[in-house]
Amino acid sequence: MIKDNLCRYIWLRFYLFCFVCWLCASLQAQQVGDSITGKVHAIPEVGIKGRRVPPALSATAPLQQMKKTDMERLGVSDVADAVRHFSGVSVKDYGGVGGLKTVSVRSLGAQHTAVSYDGVTVSDCQSGQVDISRFSLDNVSELALSIGQSDNIYQTAKMFASAGALSIETARPDFSDRPLRLLANMKTGSYGLANPSLFYAQKLSNRFSLSAHADYLRADGNYPFKMWNGNKLIDSKRNNSDIETYRAELNLFVTLNEKQDLKAKVYLFDSERGLPGGVIYDNPYAAERLYDRNYFGQLKYENRFSEKWKLQASGKFNFSWNRDYNNESSGITDNRFRQTETYLSATLWSEPVKGLSFSLAQDFAYNYLSTTLQNNQYPERFTYLTAIATHYKSNRFSTTASLLNTYITENVRTGKAAADRKRLSPAVSLSWKPFDFGLRFRASYKDIFRTPTFNDLYYLVIGNHNLKPEVTRQFNVGTTWSSTSLEFIDYLSLSVDAYYNRVKDKIVAVPTMFIWKMMNLGKVETIGTDINLAIEKELAEHYKLYLTGTYNFMQAEDITDRNSKIWRNQIIYTPKHSGSGSLTFENPYVNLTYNIMYASERYSIAQNIPENRIKSYTDHSISLSHTFKWKKQSLRIQLDALNLSDKNYEIVRFYPMPGRNYKVTINYKL
């Protein structure tokens, strides 16, 4: 009864907040009138040629962006490939087209990295990790990775609640020259890959437009590999690596009036894939199958009351169903999981003084999980997030500060639920441009935590409802510089950041008597450096060179117990040195791109001994492309040769990656 009354009270507070936002903004909008009372005079046009400073260079905290043109230039084919070009990022890849792919920022783990899709976060309360392989790049217009707290304070409170955030923005169709858009795409390549997709957009009227995207992917994925197991060479072929997925997305854009917009999205994802498993003890056999179904609908509304006030509100319902089936010699396991999420958010933004803005965001989320596992506790979670933030920006100085209030309460049908959690999480960042040229300095700090997942709390006998959240403190200092006035280079940008992270109450599995148990015993200290470089040079008319490079040094050590064998050992799957580079030569004939990625040795287990070491790897690839244009249509053909060195390197221990393989992409635009 008490919790029911509490829920009603907080729901009432949420609705009252939205009403007050609307009322205040409406009153403000009524006070703003037309100040032009005289005649209209025509002002002669003046052409100014210049290059706008990218937001990533003026941001107070590290920000990396990749536009659609950048993705095409690099020749990347999926979200995971694109994210690997960001510095400070580790993508855990279980191999092949169908392998699960999760992203971790600065060794903090995938659970600390939020993934948003068109401004609304994608969540998984069961594991806390988002498989980014489920998203297609075909209709994506931009990828952005922010570390710490971004300068965008006009966003949901949930976007304040993570150590880093990967934002995926889909393309909004442009109807400036025609009422419809059509994009047909076909990818094919090694290991039975077939991936057709279709994007269609139609302008229905001045107020209504829609877009639809459909995608199908299948692959056998049974690639040959060679791998050393001790002093024995295993020469075999992956099996149970097939995948078949269906994706569909429908968007409706509504312009209610010149100040109000509404966007509705429906998303469907259905897949069946084999999990090839690790190649252990010379046995590449695997029979585990994973079935995923994910359907969600989300609605986003915005009202720009005036130049000084605006409000956005969004809602989402998410349904996710998973089946894990394994036909092992020891017996058949068939486990099923179903989780749902109901999510509401409202954000009010105001700029009372030029350059100084404030925001207030209120979020509510309800999560529920049911499984077929024995002793399932049917947990449900109520999450309330309130974020207040301010941002100031001038020609030479900008700063952002925020404070997030989190309140989480949980219920279970059987057993004991975790205690309520309350916490205030501050963040502050600033950027300073002391000189007239493009040199800037920045510094940031963020205190944030990640809530234990349902698996951590309630999974069979290893779950522990007494777990505390993992607390992370992030410090960053850096500098950015850009120039378009160099004699030998048209454009150059450089960013260098040094960071220090400290995680306490890290959740780890610890053996207790005859079983393992999740405990708050871990502490991790990370010291690192990120470097990003971009160069553009026009050789002649229609001939241009693009060079990009990233480097990351990351020393992430376990500092839990000074007397332990793993004291000051590098944490698992975290290379000390990693980086990427690309060189693109654009010309009227065939554009050529060369990509390289590198990761130093890593360890698969906490103790850093030779037996647990995973070798370093370097991945080379080449992409050739050409676009044929006629009238208002275009046809783009791209050929990719991947992993040119033909090495079956491992990102995850005993999961060899595909050797040299090829891909062809044909893209038609209308």
Answer whether the closest heavy-atom distance between the side chains of Asn318 and Thr340 falls below 4.5 Å. no
Hey, does the side chain of Asp78 reach the backbone of Asp81 with a donor-acceptor pair shorter than 3.5 angstrom? yes
Identify whether the distance between the nearest side-chain nitrogen and carboxylate oxygen of Asp177 and Arg181 falls below 4.0 Å. yes
Determine whether Thr170 and Glu249 make a side-chain contact, defined as any pair of heavy atoms from C-beta on separated by less than 4.5 Å. yes
Donor-acceptor pair, distance only, cut-off 3.5 Å: does the side chain of Asp363 make one with the backbone of Tyr384? no
I'd like to know if the side chain of Asn251 reaches the main chain of Lys263, judged simply by a donor and an acceptor atom lying under 3.5 Å from each other, with no hydrogens or angles considered. no
Does some side-chain heavy atom of Pro379 sit less than 4.5 Å from a side-chain heavy atom of Asn411? no
Working to the nearest 0.5 Å, report the span between CG of Leu204 and CG of Leu252. 7.5 Å
Tell me if the centroids of the rings in Tyr117 and Phe135 come within less than 6.0 Å of each other. yes
If I compare all heavy atoms of Ser197 with all of Asp138, which pair ends up nearest, and what's the gap? OG-OD2, 2.6 Å
Taking the side chain as every heavy atom from C-beta outward, state whether Ile666 and Asn185 have any atom pair closer than 4.5 Å. no
Any heavy-atom pair between the side chains of Ser357 and Trp349 that's under 4.5 Å? yes
Distance in Å, Ser425 OG paired with Phe160 CZ, rounded so as to fall on 0.5 Å steps: 12.0 Å
Tell me, please, whether Tyr368 has Arg381 positioned over its six-membered ring: NZ or CZ under 6.0 Å from the ring centre and within 45 degrees of its axis? no
I need the minimum non-hydrogen distance between Thr372 and Asn335, along with the two atoms involved. OG1-CA, 3.6 Å
Does the side chain of Arg106 reach to within under 4.5 Å of the side chain of Ile147, using non-hydrogen atoms? yes
Short N-O contact, Arg273 and Asp242, less than 4.0 angstrom: no
Less than 6.0 angstrom from the centroid, inside 45 degrees of the normal: does Arg293 satisfy that with respect to the ring of Trp321? yes
Correct closest heavy-atom pair for Pro469 and Thr451 would be CB-CA, 4.5 Å
Side-chain touch Ser167/Met159, heavy atoms, less than 4.5 angstrom: yes
Is the CG atom of Asn206 crowded by more than 12 outside heavy atoms at less than 6.0 Å? no
Establish, from distance only, whether the side-chain atoms of Tyr154 and Glu302 form a donor-acceptor pair under 3.5 Å. yes
Any ion pair linking Glu244 and Arg289 (charged N to carboxylate O, less than 4.0 Å)? no
Sub-4.5 Å side-chain heavy-atom contact between Phe382 and Glu410: no
Any chance the side chains of Gln111 and Gln129 put a donor and an acceptor closer than 3.5 Å? no
Heavy atoms of Asn532 and Gln64 approach each other most closely as OD1-OE1, 3.3 Å
Does the side chain of Tyr267 pick up a donor-acceptor pair with the side chain of Gln298 at under 3.5 Å? no
Is it the case that Gln149 and Lys446 place a side-chain donor and acceptor less than 3.5 Å from each other? yes
